[in-house]
Amino acid sequence: MAVCARLCGVGQSRRCRRRQRSGQHHPESDSDTDMDGEEEEKIVGEMEACQKTYAAGPGSTNDAGRADGRATGLGCGDTACARPSKPRALLDLPPELLVEIFSSLPGTALPNLALVCKKFRQILSTETIWRRRCTEEFGMKDDLRKMEVLGVSSRELYVKRVNPRVKSGRFTKLLPDYEHMDYRDVYIHLLHPYRHILGLWQPDIGPYGGLLNVVVDGLFIIGWMYLPPHDPRVEDPMRRRPLFRIHMWESNRAAVECMYGHKGPHKGDIQTVKKDEFSTKCNQTDHHRMPGGRQEEFRTWLDEEWGRTLEDIFHEHMQELILMKFIYTSQYDNCLTYRRIYLPPCLSSDLLQPGLFKGTYGSHGLEIIMLSFHGSRAKATKLTGDPNVPAGQLTLDVDLSRPVRLPDLEHQRNIEELSRLVMSVHEEVQRAAPGPDAPPAGADEVSSGAEGSDVSPVAEAEDARGGATTSGPPLEPQPFILPLGVMARNEVYPRTCKMCFYGTGLIAGHGFTSPERTPGLFVLFDGDRFGFVWLELKSFSLYSRLTDQLEHAQAPSLERFEAMLRNMQSWTS
């Protein structure tokens with residue numbers, strides 16, 4: 001505490017004492033007691049000795065004296081000793097400089113700093129400090145006070161951003177007056193208590209899964225459910241639907257509201273179950289019901305989920321899958337458990353930037369997958385799933401050390417020719433497969449492949465130009481066309497590709513029965529699109545990158561990301 005007292009003039013008590021000279025109090029001092037006698041005499045004596053040394057000239061100052069000055073914290077230079085008015089404590093600094101210093105500290109440290117003295121407490125009530133903490137720590141971008149000046153009220157912002165279906169202000173009359181909200185209260189009672197739920201989450205909805213992004217949006221915390229585009233428009237942007245929101249209801253209380261249903265926001269609750277997991281609960285599920293009953297609810301859900309009516313879907317099996325999903329998902333009534341997920345880390349050796357992609361899955365529609373790289377392998381993990389292959393499972397496993405050279409366009413049209421090329425690689429993999437005591441396929445392979453080598457799998461593939469069929473991929477884009485008989489939900493796919501690799505895809509029966517990995521061809525079109533030819537199913541899946549900016553979603557480390565992938569498979573197994 002003595003060292004702290006020299007730095008900022010604070011003594012043993014929680015009050016603030018200015019450093020004294022000649023035993024006199026500073027007018028702004030808030031202390032009623034003097035310093036300890038020995039400490040005061042020591043500081044005053046050092047200051048007087050330093051001033052005498054300076055008066056005698058620079059040449060009379062020996063090295064020991066300068067070292068002693070540095071050791072006491074007062075000998076910051078001869079010029080400083082000759083200027084007793086120069087600030088020697090935090091309290092000597094002007095208020096605007098203190099505001100700048102305090103604004104750079106973490107918000108969690110500011111309440112303790114306010115206990116130091118009255119001046120600190122007064123400065124920490126400055127709105128600029130807390131607004132900067134809200135911006136830097138939580139990404140709060142909107143200043144609703146400025147919007148009010150520009151003619152956009154916070155109530156209108158709520159209607160436009162949180163519930164665009166609302167055409168009137170009948171739900172906004174209950175909103176508090178945000179223009180008089182204190183950013184300090186927002187930080188303490190809203191942002192900091194709910195900081196653990198910001199980021200990406202996967203809801204526990206059986207095999208279907210999902211993608212939830214919890215963000216700070218204005219003076220709200222909103223949980224947005226990300227939905228793929230309508231099938232089969234895989235390159236359209238993602239759709240968003242708010243599931244819940246948290247906002248300041250009073251100056252010292254945050255309110256949680258459920259946004260599910262068609263009657264506007266209503267009472268909800270959020271509970272943190274354990275680390276990296278939380279649950280939502282709706283306290284007014286009657287707001288989810290519609291006047292026309294389940295039939296009207298199903299028609300509305302079908303229009304939002306698929307963008308069409310059931311009569312427009314002629315495939316009987318597809319109708320059954322859609323009806324099954326509605327019955328299964330609607331029973332939760334937005335009372336769900338969410339588990340944290342991370343975006344995959346990016347390395348310079350990766351084939352393309354990893355991330356989230358939308359892909360076509362036949363009668364199941366569009367699904368969201370996560371593409372990540374692990375040495376010489378690329379893995380695609382489902383974030384949304386279906387009754388055959390549920391969310392969390394490894395849908396694609398690509399071996400980047402086994403490129404495939406496509407034949408000319410005329411031979412590409414023949415499914416037999418493509419199957420011959422891929423199956424020849426598949427047989428090589430089977431012959432080189434380890435014994436029964438080795439780890440199973442799909443196990444953690446971070447240490448395999450290119451580890452310990454500065455050469456990326458892509459560079460190795462480009463150098464592997466030996467055979468006529470499985471040599472390295474060409475440097476220039478080559479023509480690509482799907483073989484006759486291969487079904488594609490989206491006929492608008494690129495007609496040139498950069499590289500092709502051998503890989504396997506996971507298929508299973510209804511209820512994830514008899515799962516097996518079947519060989520296929522991974523086709524890289526560009527940095528934002530790739531495809532996979534399922535040879536056994538004779539179908540083609542096209543994947544397009546999800547371009548939304550997802551905040552608070554980066555993995556703390558590669559180990560945490562790998563552990564998350566392993567856990568995801570166990571959630572739905």
Side-chain angles (χ1 to χ4, degrees), residues 138-142 156-167 171-172 194 197-205 208-247 256-266 268 270 278 280 282 287-288 297 300-308 325-326 329-330 332-336 338-343 355-359 365-370 382-385 391 528 543-553:
F138 300 101
M140 180 181 290
K141 301 175 183 178
D142 296 326
E156 294 172 338
L157 181 67
Y158 160 75
V159 174
K160 175 187 282 187
R161 175 174 297 161
V162 182
N163 199 344
R165 291 190 298 268
V166 177
K167 303 301 181 182
F171 295 126
T172 65
Y194 290 98
I197 70 171
L198 298 178
L200 287 182
W201 303 84
Q202 186 180 44
D204 184 8
I205 315 179
Y208 298 103
L211 179 63
L212 180 81
N213 188 25
V214 183
V215 298
V216 176
D217 199 343
L219 292 180
F220 302 94
I221 293 179
I222 304 178
W224 294 100
M225 179 67 82
Y226 275 72
L227 304 174
H230 293 143
D231 181 60
R233 300 194 295 268
V234 67
E235 297 195 39
D236 285 1
M238 296 287 289
R239 298 174 294 127
R240 298 193 309 170
R241 182 174 65 191
L243 292 190
F244 64 85
R245 74 183 181 108
I246 314 171
H247 65 99
V256 179
E257 291 184 330
C258 175
M259 303 294 295
Y260 189 77
H262 305 274
K263 294 185 178 180
H266 46 280
I270 289 180
F278 76 95
T280 57
C282 177
H287 280 62
H288 305 167
E297 293 173 13
T300 305
W301 175 87
L302 186 62
D303 180 64
E304 293 178 352
E305 189 81 8
W306 292 83
R308 63 182 77 175
K325 184 175 182 179
F326 169 75
T329 57
S330 61
Y332 285 92
D333 269 333
N334 206 26
C335 300
L336 297 169
Y338 300 87
R339 299 182 179 93
R340 182 180 294 280
I341 58 177
Y342 300 107
L343 292 177
L356 306 185
F357 290 78
K358 308 152 281 182
L366 299 187
E367 298 184 9
I368 306 173
I369 62 101
M370 175 187 293
K382 279 192 172 187
L383 296 185
T384 61
D528 294 325
Y543 299 84
S544 177
R545 184 181 297 277
L546 192 155
T547 58
D548 299 66
Q549 296 295 325
L550 304 175
E551 302 176 355
H552 306 284

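Treat the numbers as computed from the prediction; the structure is a model and nothing was measured.
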Atom pair CZ/CZ of Arg545 and Phe357 - distance to nearest 0.5 Å: 3.5 Å
Nearest non-hydrogen partners of Glu305 and His230, listed with the distance: O-CD2, 3.5 Å
Distance in Å, Leu546 CG paired with Met370 CE, rounded so as to fall on 0.5 Å steps: 10.5 Å
Test side chain to side chain contact (heavy atoms under 4.5 Å, CB included) applied to Glu297 and His288, step by step: CA-CA 9 Å; Glu297 293 173 13; His288 305 167; over 6 Å; no
Main-chain N/O of Asp236 paired with Lys358 side-chain donor or acceptor, under 3.5 Å: yes
Intermediate values then yes/no, side chain to side chain contact (heavy atoms under 4.5 Å, CB included), Val215 and His552: CA-CA 8 Å; Val215 298; His552 306 284; 5.8 Å; no
Given Ile368, Leu227, Asn213, Thr547, the one that forms side chain to side chain contact (heavy atoms under 4.5 Å, CB included) with Met238: Ile368
Side chain to side chain contact (heavy atoms under 4.5 Å, CB included) assessment of Asp333 paired with Cys282: CA-CA 7 Å; Asp333 269 333; Cys282 177; 5.7 Å; no
Exercise: identify the closest heavy-atom pair between Met259 and Pro242: CB-O, 3.3 Å
Nearest atoms (heavy-atom pairs only) where Arg340 meets Gly199: NH1-CA, 4.1 Å
From OG (Ser330) to NZ (Lys325), nearest 0.5 Å: 12.0 Å
Interatomic distance, Leu366 atom CG to Arg239 atom CZ [nearest 0.5 angstrom]: 9.0 Å
Side chain to side chain contact (heavy atoms under 4.5 Å, CB included) partner of Thr280, the single match among Leu212, Ile270, Ile197, Val256: Ile270
Side chain Thr384, main chain Glu367, donor-acceptor under 3.5 Å: no
Option among Tyr338, Phe278, Tyr226 that satisfies the ring-ring contact (aromatic ring centres under 6.0 Å, His included) test with Trp201: Phe278
Geometric class of the Trp301/Phe326 ring pair [parallel <30°, tilted 30-60°, perpendicular >60°]: tilted
Main-chain N/O of Leu243 paired to Asn334 side chain as donor or acceptor, under 3.5 Å: yes
Point-to-point distance, once rounded to the nearest 0.5 Å, from OH of Tyr332 to OH of Tyr260: 12.0 Å
Heavy-atom closest pair, residues Gly264 and His287: O-CD2, 4.5 Å
Leu211 and Leu356: CA distance, side-chain angles, deciding distance, side chain to side chain contact (heavy atoms under 4.5 Å, CB included) verdict: CA-CA 10 Å; Leu211 179 63; Leu356 306 185; 3.8 Å; yes
From CZ (Phe138) to CG (Leu198), nearest 0.5 Å: 7.0 Å
Nearest heavy atoms of Gln202 and Gly210, plus distance in Å: CG-O, 3.5 Å
